[in-house]
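What follows is a single structure, written as structure tokens, with notes after it.
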Amino acid sequence: MSEFSAFEIIGPAMTGPSSSHTAGAVRIGLAARALLGEEPVDARIDLHGSFAATGAGHATDRALVAGLLNWPPDDSRLKDSLTWAEQQSLRVVFQSVDLGEDVHPNSVRIMISSAKEKASCTVTASSIGGGSIEILAIDGFTARVDGGLVTLVMWHKDRPGFLSKITTLLACAGINIATIRTTRKGREGEALTLVETDEAIPSDCRSLLGRLPEISKLREIPRLVF
Amino acid sequence: MPEQPSFDYDTAAALLGLAQSRGWPLWQVALAREARLQNCEEEPLLERMAGHYRIMRQAVRDGLRIKDQSPSGLSGGDASRLFEYSTSAGPLFGARFSKLAAYGFAVLEHNAQFGRIVATPTAGSSGILPACLLDLEENENLDETGAARALFTAAAIGVVIGKNASFSGARGGCQAEVGSASCMAAAAVTEARGGSPEQACSAAAFALMNTLGMVCDPIGGYVEVPCVSRNGMFAVHSMLAALMALAGVRCVVPLDDVVLAMRDIGRRMPRALKETSEGGLALTPAAKKLTPAAGLIPTDAPISRPGGR
């Protein structure tokens, strides 16, 4: 849960018109882009609740795409992001969906893929007000992170001792772990571990982590909320 | 070594306790809390907040210059109209009053035209704090540091709302957006004018109490009608709440209870009146005339939208 920094309440500085439907949507797009880790070429964006009902009036569509293009929430090009996407060969399809009663009305599911190595990722996230967001799920794994810290995301095999290896590597790099969470699809099956840290992961530490045999993919979501 | 206090709190009562036990204003508690949260000194945080204030002031100035209508055609030019009226001979309630309203309008008109603003706490309520603080800068010698401190007062109250209710119009209606902004602004003005922490909380309670039940039913889903005029009007409302508290009028319902009432009302409010544009003003004949075919998804968009509404 958010700690409500003064700069979340008085902030963010953003391009209008809506903090939840525009600035929050940019941040969700940024998170999806970071999770893909590459230039996206295809995006299917499923809009839920108020995102579907009033999203276009608030430029939610353009804001999500601005995030996929890696633009910050106060980028003045936001209103033209769909045209920029087209020029950068990013194909975007929108549709409205019902993600369920319990899902926050400002929610979206993004499926993006890249041309290179055919990477893909599915992210479900909510914009919970004032530009703050919550990532609910990544590739079907429960996530529950808000982008307030750096988030290291690892897709891996569920094996004994895995967590101790990564915490040791992070400790050696002097990285302080704020939270750590593993969700898995059955014992010894596919798993996802999310580590929230106070600082960015140095590249040598990232490459050491990437060499662990259990890890199939490793991504880092930068701090999205200041 | 004794552990450093976190200065964290969940309720207005606890916030008041922290302030009173140290003889601090609310802004100082919020600043100390932020310094612990970010693990840094207070000075750069105040400077960063002053930077936010400069963006707010610029948004007012840019908004006052708007003559054209927004892309939706629902707003534009009224801030400038109000400002002009303030310079006319004998404006109602004096020049300061209509200028204050003009500033609230200005930020929201700028926002509707994809301008740069600071969400306080949301974009739909981003005109209220800038209007109130710019008024104090022009009429009460509030400098940038003073404005930054006042924004920390606002944040101090915002923590209570965020933790116990919501800032989201989709979750709590307009009371959660403009209500929260007005609540925060009333406290900020009260402290900036030398009011005590209790007076600031009373002002906040008055301001929020008078917005309870306010729904979010924007025409066509745009953050314009009623948002633009509402920001101008609630800048005035915030000043009035501060004035009452400074005069010694005490709110008999504590701020914590008003926040809980706001959450309760938000939960019971029908979905149609919470930022879906499926009820209220959004369904009036005027709304249908102003936004042909609802206009919710622009048809000139270059990208296909199967199933889109």
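Lettering of chains follows the sequences in order, A, B, ..., and the numbering in each one begins at 1.
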In terms of heavy-atom pairs under 4.5 Å, which option from L129(B), L31(B), L151(B), I161(B) contacts chain A the most?
L151(B)
Measuring heavy-atom distances to chain A, does E34(B) have an atom under 4.5 Å in its side chain, in its backbone, in both, or in neither?
side chain
Please state whether the side chain, the backbone, both or neither of F114(B) comes within less than 4.5 Å of a heavy atom of chain A.
both
Using a distance-only test with no angle check, is there a side-chain donor-acceptor pair under 3.5 angstrom linking S182(B) and S238(B)?
yes
Which residue is it: T122(A), V153(A), T151(A)? I am looking for the one with a side chain to side chain contact (heavy atoms under 4.5 Å, CB included) to I138(A).
V153(A)
Polar side chain donor-acceptor pair, T183(A) to T142(A), under 3.5 angstrom:
no
Given the options L78(A), T15(A), T22(A), which has more heavy-atom pairs under 4.5 Å with chain B than any of the others?
T15(A)
Pair count under 4.5 Å, heavy atoms only, with chain B: among S76(A), A59(A), G131(A), G16(A), highest is G16(A)
For the residue pair Q69(B) / S75(B), report whether a side-chain donor-acceptor contact shorter than 3.5 Å exists.
no
Here the pair of heavy atoms bringing A154(B) nearest to M184(B) is O-CG, 3.3 Å
Proximity breakdown for A170(B) and chain A, heavy-atom pairs closer than 4.5 Å
both
What part of H21(A) gets within 4.5 angstrom of chain B, counting heavy atoms only: side chain, backbone, both, or neither?
side chain
With a 3.5 Å distance limit and no angle check, can you tell me whether H110(B) reaches the backbone of I117(B) through a side-chain donor-acceptor pair?
no
